[in-house]
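Chain naming here is simple, since letters A, B, ... match the order of the sequence lines and numbering starts at 1 in each.
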Amino acid sequence: MINDFPRVRFAPSPTGYLHVGGLRTALYNYLFAKHNKGKFILRIEDTDRNRYVEGAVENLIAALKWCGLEYDEGPDIGGSFGPYMQSQRLEFYAHHAKDLIEKGYGYYCFCTPERLETLRNEQQKQKLPQAKYDKHCLHLSKEEVEKNLADGIAKVIRLNVEPNQKIIFDDIIRGRVEFDSNNVDDQVLIKSDGYPTYHLANVVDDHLMKITHVVRGEEWLSSTPKHILLYDFFNWEKPEFAHLPLLLNPDRSKLSKRQGDVAVEDYRAKGYLKEALVNFVALLGWNAGDDKEFYYMNELIEKFTLERVNKAGAVFDLDKLNWLNAEHLRKKSDEEILPVLKNEIQNSKLKIKNYEDEYLLKIISAMKERVSFVHEYLSKSPYFFEAPKEYEQSSIAKNWKEETPGQLKKLSDAFEKLNNPVKEDYENALANVAEELKVGKGKLIHPLRLAVSGMSTGPGMFDLIVILGKEETQKRILIAIERINH
RNA sequence: GGCGCGUUCGUCUAGUGGUCCAGGACGCCGCCCUCUCAAGGCGGAGAUCACGGGUUCGACCCCCGUACGCGCUACCA
């Protein structure tokens, strides 16, 4: 047994941002670890110097933390098995690669990129079933190797794959998977720049870090035989493997930037709640086997098992994400939403205005059932923040009759007499005016809404004017009477 | 091309041989509630369980094949 409690890792390469697919992988690792009282580790796979992106690691960490995925060990917080950046662990890889060579499981290769290119073209022309390295350098004599090494000729270290072997492993999600070693290439383990490739680094680190379960994307399934071989060559105990299905675009291709947002920070910027994103992504490929769809992180931890992860890819469906966002937003208290709303205001043209918290809290309460995003408080009920500048045409046509201005004037007069009115006072006043005029209440309510909000939709009419206050309401009624001509 | 993985309503999914002429959710449509819009309640449309063969008294569930999709096939991860 590798370790008493599970140890899992999320091992992204720092290419700039956290992809939602990466988030899902990280989340499943996290949930699995927490569910089983294990450890969740962040390891940065930065062994490709050509792909180095400034600030990528910081972005990744920020996105992970925003989502609530706190890791137990990682580059910025350390741990007993560090360092957690592969670029800082080169000596481990070099040491183990050398060990492989000594045992005959690895060998130096001095072939130039040109020769490899030619070889590939040749194999393609001959329509060989599988294009692989031809083990040319495996047959170099000891003296030749020594001489090349001494001459400082560019070299890599390759895995020596023995032909005609069955490589079998049991994937937690997919069951038994079988490969033929004839289809496994003599993979480069150490590149000519001295850095390891993913395959070596991943196996060495997972062993050294006592990783018990490798939970990663399906794109790794095909290279798992190489990893299995390495574990066997090193004589190391193998972790369990679980290969997750892919996240897809609406057209079922692999989720990509071209067809929408893929970065966690994009969704954050658009106003999605982390609770909703995490909830949604958790359900893309997993379910507890019941009808529950609304989850908080602690509930996910309690319910999550790898055995219930699906095999097939899942389309990232924005409609459902939006719905979950609305659900999570409604579950939040007004006080929790307040700072977010204030932040939205600061980022809008309304930032020069100053609204009392008390006022904003009333708006939050009135609009809560009507918004899916915090920024919709501004876009769906602008009238709480500024008097209407124009009035909805369709509502004018429908509700603003010839007699309306006179009726609203009467209503305004009635409101004027009210002293510190509460909701019921407005209701009674309006009812009285309606009776006096012998019209239905709706005949007054709809034009009144139009006058004070400029719109035809929103919270209950009386809630609306209570929030606006008597003075503002009166002002808006009079302005509307003046400005709306029918 | 080769190897691997996958395939249940538009989408996410339940389903592990009979309880499924397939259940839930999102979205869509209708009704109710109602001063509007939402929310909520109720109802509806929507899947010949990719297709074709087996196995079985019986298959969405087991086996084989085909098709389609996706992944991998780098000194990228």
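For A:Glu219, whose side chain is taken as the heavy atoms from C-beta onward, the closest listed nucleotide among B:G71, B:G4, B:C76 is B:G71. With B:A25, B:U13, B:C76 as the candidates, the nucleotide lying closest to the side chain of A:Lys320 is B:A25. Ranking B:C35, B:C5, B:A77 by closeness to the A:Thr197 side chain, first place goes to B:A77. Closest approach to the A:Leu221 side chain among B:G4, B:C75, B:G24 is made by B:G4 (side chain taken as heavy atoms from C-beta onward). Minimum atom distance to the side chain of A:Leu284 is reached by B:C12, of the listed B:G71, B:A39, B:C12. The side chain of A:Arg370 has B:U36 as its nearest neighbour among B:G4, B:A77, B:U36. Distance from the side chain of A:Ser192 is smallest for B:C75 among the nucleotides B:A77, B:C75, B:A14. Of the candidate nucleotides B:A38, B:C3, B:G6, B:A38 has the atom lying nearest to any side-chain atom of A:Glu369. Listed nucleotides B:G15, B:U7, B:A77 differ in distance to A:Arg308; the shortest reach to its side chain belongs to B:G15.
Nucleotides B:C9 and B:A45 have their C1' atoms positioned 11 Å apart, rounded to a whole Å. B:G46 and B:U34: their C1' atoms are spaced 30 Å apart (whole Å).
Distance check, rounded to the nearest 0.5 Å: CG of A:Leu244 to CD of A:Glu219 gives 9.5 Å.
Side-chain N/O atoms of A:Arg51 and base N/O atoms of B:C76 include a donor-acceptor pair closer than 3.5 Å. Not a single donor-acceptor contact under 3.5 angstrom links the side-chain atoms of A:Lys368 to the base of B:A39.
Of the nucleotides present, B:A50 is the one that pairs with B:U66 by Watson-Crick or G-U wobble criteria, both distances under 3.5 Å.
The closest side-chain heavy-atom distance from A:Leu31 to A:Met297 is below 4.5 Å.
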